[in-house]
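To start, the structure under review is shown below, and the notes come after it.
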Number of protein chains: 2
Amino acid sequence: MKELLRTKGYKATPQRELIFECFLAAGRHITVDELYQKVRLKDSSVGHSTVWRNLKLICKLGLAEEVNLGDGLTRYDRITPEPHGHLYCLECKKLVEFDMAKLLPALNETAQGSRFQPVGFKIEIQGYCDSCGERLGVTGENSYNGSGTKNVGKKERGKNDDLS
Amino acid sequence: MKELLRTKGYKATPQRELIFECFLAAGRHITVDELYQKVRLKDSSVGHSTVWRNLKLICKLGLAEEVNLGDGLTRYDRITPEPHGHLYCLECKKLVEFDMAKLLPALNETAQGSRFQPVGFKIEIQGYCDSCGERLGVTGENSYNGSGTKNVGKKERGKNDDLS
DNA sequence: TTGCAAATGAATGTCGTTTTCATTTGGGCA
DNA sequence: TGCCCAAATGAAAACGACATTCATTTGCAA
């Protein structure tokens, strides 16, 4: 790690090494705050912005990529040998990975005007996993709903004061 | 529109009717602010939060869905007869749609543990369109980059003060 | 050892989303 | 038609995650 950093012209500070170490140890789909918490367990003096900046650096060095699941949080996912996409269950929040290569032929066939190769791009899918789909009655027989969000039910006030 | 609203138990206010009208007139992948601007052209007294709330209501009524392209902006897309996904070019920001049904067989084949039907889910893909892919040399021969972001080059200060 | 660019950490800024709340209003009903 | 009240509105503020600023510290090459 020290070597990689210095080779690329970055200083190997103790904070940086700790952050890299923590990320590589537990770094699948981790958020900034999750990593921040892990780092703080080992050195409570490390700042939030330092974790954030080094997570960006990890991406810049090609060790990870940002993943956007559509829930407003940026996740950082270690780069894997085989490019993969993410299936994100809107119900149980489970994250499933799929092999990118298997999807590409069909993708490029249906997408006129665009050409997707397993280089530098991402596929994020939001839907329902097997068990949740079953439970929710998502069978493919229904008409397309599309909203992709469920109403969970919160407090009541004016009818339009809470659109869940 | 008046009827739909009243049937569902919502009041048909002039603001609401205007917002619905403006959305349906121009509503492919529109942001809250874009719609807000359009609405203001016809009635400059309508508030931002009213537009936001009614956009949510439009989704709740099944007329539109939220789309998250990963650029930090929520877009609202009218529901179409055939479910479709989005290909978002990271370079030229072009948005291409593709037929969801054509992708499903391949998707379900590669995604064990999840079962995706054209009901209530979304596929968002970030990558490069034909022309940008060409220009950037994204040929599929390169190794997987994954970061999905390009360095555009801004001002310089401390090396780590700007991670582009 | 020293000099200085890079890195850090606390604080602050930014920006889109969401909520609060006082006020207004649609529309059911007498 | 007028009344009533829950629903809707609009201005402002709260919120939350991401991003930047800047004074200070520090790694490390010479």
Side-chain angles (χ1 to χ4, degrees), chain A residues 1-3 5-20 30-36 39-40 43-60 66-76 149 152 154-164, chain B residues 1-3 5-20 30-37 39-40 43-57 59-60 66-76 149 152 154-164:
Chain A
M1 200 78 291
K2 256 190 170 65
E3 305 73 51
L5 285 170
R6 290 184 180 147
T7 301
K8 301 274 185 173
Y10 295 96
K11 291 182 177 173
T13 68
Q15 296 96 328
R16 177 165 285 166
E17 291 191 80
L18 176 58
I19 292 167
F20 273 59
I30 202 172
T31 64
V32 188
D33 280 308
E34 285 165 0
L35 184 57
Y36 175 65
V39 168
R40 297 279 287 200
D43 179 352
S44 65
S45 73
V46 178
H48 192 279
S49 49
T50 300
V51 175
W52 180 82
R53 274 184 294 229
N54 276 291
L55 221 24
K56 289 286 186 183
L57 180 58
I58 286 171
C59 289
K60 199 172 179 177
E66 295 191 353
V67 174
N68 190 317
L69 265 26
D71 63 352
L73 285 176
T74 303
R75 275 155 233 273
Y76 295 83
T149 52
V152 185
K154 295 155 78 178
K155 68 165 173 23
E156 273 297 326
R157 198 165 175 262
K159 179 162 190 176
N160 214 12
D161 257 24
D162 177 14
L163 284 161
S164 54
Chain B
M1 198 77 292
K2 256 190 170 66
E3 303 73 50
L5 285 170
R6 290 184 180 149
T7 301
K8 300 274 185 174
Y10 296 96
K11 291 183 178 175
T13 67
Q15 296 97 326
R16 177 165 284 165
E17 290 191 79
L18 176 59
I19 292 168
F20 272 59
I30 202 172
T31 65
V32 187
D33 280 309
E34 285 165 359
L35 184 57
Y36 175 63
Q37 296 307 330
V39 168
R40 297 280 286 200
D43 179 352
S44 65
S45 73
V46 178
H48 192 278
S49 48
T50 299
V51 175
W52 179 82
R53 274 183 293 229
N54 277 290
L55 221 23
K56 290 286 186 183
L57 179 58
C59 290
K60 199 171 180 178
E66 295 191 352
V67 175
N68 191 316
L69 264 26
D71 63 352
L73 286 176
T74 303
R75 276 155 232 272
Y76 295 83
T149 52
V152 186
K154 295 155 76 179
K155 70 169 172 13
E156 273 298 323
R157 197 164 177 263
K159 178 163 192 176
N160 215 10
D161 256 25
D162 178 11
L163 284 162
S164 56

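These figures come from a predicted structure and were not determined experimentally. The figures here come from the full heavy-atom set of this structure, side chains too, leaving out hydrogens, waters and symmetry mates. To find a chain, count down the sequence lines: A is the first, B the second, and so on, and within it residues start at 1.
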If you look at every strand shown and take non-hydrogen atoms under 4.0 Å, does A:Thr13 touch a base, only sugar-phosphate, or nothing?
sugar-phosphate
Under 3.5 Å, is there a donor on one side chain and an acceptor on the other for B:Ser45 and B:Asp43?
yes
Judged by each residue's nearest nucleotide on DNA chain C, which is more toward the 5′ side, B:Gln15 or B:Tyr76?
B:Tyr76
Quick check against the 3.5 Å criterion: does A:Arg6 have a side-chain atom that pairs as donor or acceptor with the backbone of A:Lys11?
no
Starting the side chain at C-beta, find the nucleotide from D:dT20, D:dG27, C:dG9 nearest to A:Pro14.
D:dG27
When we call it a touch if two heavy atoms are under 4.0 Å apart, what does A:Thr74 touch: a base, just sugar-phosphate, or nothing?
sugar-phosphate
Partner residues of A:Lys2 under the salt bridge (Lys or Arg N to Asp or Glu O under 4.0 Å) criterion, sequence neighbours left out:
A:Glu17
Please report the interatomic distance OH(A:Tyr76) to CH2(A:Trp52), rounded to the nearest 0.5 Å.
7.0 Å
In terms of side-chain heavy atoms of B:Lys11, which of D:dA6, C:dT8, D:dT9 is nearest?
D:dA6
Please check if the side chain of A:Arg75 supplies one atom and the backbone of A:Leu69 the other of a donor-acceptor pair under 3.5 Å.
no
Sort me out a list of protein N/O and nucleotides 10-15 of chain C N/O pairs below 3.5 Å, or just none if empty.
unit_1: C:dA10; atom_1: N6; unit_2: A:Ser49; atom_2: OG; d: 3.2

Which nucleotide in the list C:dG27, C:dT18, C:dA7 gets nearest to the side chain of B:Ala12?
C:dG27
Please name all residues satisfying ring pair (Phe, Tyr, Trp, His ring centres under 6.0 Å) with B:Tyr36, sequence neighbours left out, ordered by chain then number.
B:His48
